[in-house]
Protein chains: 2
Amino acid sequence: MAKENLKLDSTTEERIKEAARAVFIKKGFNGTRTRDIAEEAGINLALLNYYFRSKERLFEIIMFETMLGFMQQMALVFNEESTSIKQKVEKMVDSFTELLLREPNIPLFIMSEIRNDATGFLEKLPVANMVMSSVLVKQYQEAYKNGKVKEANPLHFITNLMALVQFPFIASPLLKKMGNMSDPMFREFMLERKQIIPRLIGLSDK
Amino acid sequence: MAKENLKLDSTTEERIKEAARAVFIKKGFNGTRTRDIAEEAGINLALLNYYFRSKERLFEIIMFETMLGFMQQMALVFNEESTSIKQKVEKMVDSFTELLLREPNIPLFIMSEIRNDATGFLEKLPVANMVMSSVLVKQYQEAYKNGKVKEANPLHFITNLMALVQFPFIASPLLKKMGNMSDPMFREFMLERKQIIPRLIGLSDK
DNA sequence: GTCTATAACGTGATAGAC
DNA sequence: GTCTATCACGTTATAGAC
């Protein structure tokens, strides 16, 4: 465990995984060369196959962990027992924005790779259950019964929320171009949206 | 011009372009094999290079035309002189939804390829001017002065609009999974959003 | 213009020395 | 465990016959 560390912690295996994560998320599976990963990790190409057998196996691990992390982030807020819908929306927007400011390429990565769907990871993840049986959805259905929201289908609500937070990161090159924004300005832009999005979603405190 | 047509119009050159468009938009540049395009077009692989010199050149043509078409669709509504903001929003949502129901993969295609940005097509397109100097943006700024909208920056308004329409298509596999939706059900879901989105954007008639 | 055959190259993976 | 050298294969592109 305590060998001589280059500058981080991490065994060789972990350094490869971190490098793979960075390159895959930036370039996607098809755009990534195993040589890129090896270089990023500062190791030899052969070591990649020594530890992970193949590019595909390494990718599946990264993809699985990334999606799982993303969903757990959602589940954490969606299933809080003691907060109102409005509070959950604010928390969601806040925590997702912070997450995506750190790793802005995750949404486009996930959507792109799901489109390809070589190995069918979508089937393996309980994404349907996780969202639709969450506390948040139950609260939303309750709110609909009480006439607090106009739309019956909670999926529209979820869609709106995810769209308003994630889309700007997916379209960031276009938005930066349109608004003549530098990276720090784009960051400010996204921070502003923490106030704007809950207002748009428009829920009365319950 | 009037040769014997297989089932469509189109010279060989156009059939290759149409095939290329279909395959590129579905699989992206890196995911596409020139053999796929040749097969889809029903021609020999060598013909592709005969007409277009290289995969990259063919791709650039497709990419350019696709982005241009997308922007013209926007420009058309954004620059109407005689309609209110609210009417423009309704038209935008309607026409974009119809467009994307026909070609659902366009948004993810555009965003993915812009991320890679091999040839710098983003620089070549006047996307900044087109949007920010549109009639719609001018109307929005006027509305802000009159206290009709709360947010000063029109880019948030544009972002919200594009996000709410385009994101569901980008995330469609996830949404279908979550809502247990077949393709026809997803179509219905998107048609419902034609009513929901203008309500969310929430502008008074002006 | 359209085809077949093949060259040229890039990439994933492995053999084998250390 | 880690490296160098190399194989094996898929893919783009082209030469040349028709």
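So that the names make sense, note that chain A is the first sequence line, chain B the second, and so on, each numbered from 1.
Residues passing the ring pair (Phe, Tyr, Trp, His ring centres under 6.0 Å) test with B/F24, sequence neighbours excluded: B/F59. Considering only residues two or more places apart in sequence or on other chains, A/N180 meets the side chain to side chain donor-acceptor pair (under 3.5 Å) condition with none of them. In terms of the side chain to side chain donor-acceptor pair (under 3.5 Å) criterion, residue partners of B/E98 (sequence neighbours excluded) are, by chain and number, B/K194. Contacts of A/R21 classified as side chain to side chain donor-acceptor pair (under 3.5 Å), with partners at least two apart in sequence or in another chain: A/T66, A/E103. B/R115 is linked by a side chain to side chain donor-acceptor pair (under 3.5 Å) to nothing, counting only residues two or more places apart in sequence or in another chain.
The phosphate of C/dT2 (OP1 or OP2) has a side-chain N or O of B/T12 nearer than 4.0 angstrom.
Listed by first and then second residue, the salt bridge (Lys or Arg N to Asp or Glu O under 4.0 Å) pairs involving residues 168-188 of chain B are B/K176-B/D183 (not counting sequence neighbours). Applying the side chain to side chain donor-acceptor pair (under 3.5 Å) test to pairs two or more places apart or on separate chains, those with a residue in residues 154-169 of chain A are A/H156-B/E192, A/H156-B/R193, A/N160-B/R193.
Nucleic acid contact class of B/F52 (heavy atoms, under 4.0 Å, all strands): none.
To the nearest angstrom, C1' of C/dG1 lies 13 Å from CZ of B/R15. In this structure, A/E39 places its CD atom 18 Å from P of D/dT2, rounding to the nearest Å.
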Quiz item: With the sugar-phosphate defined as primed atoms, P, OP1 and OP2, and the base as all remaining atoms, what B/S/- string results for nucleotides 11-18 of chain C, 5' to 3', for protein heavy atoms under 4.0 Å?
Solution: BBBB----

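In this structure, A/F109 has its ring center at least 6.0 angstrom away from the ring center of A/F29.
An end-to-end axis angle of 10° holds for the helix from C/dG1-D/dC18 to C/dC18-D/dG1, taken from five base pairs per end and rounded to 10°.
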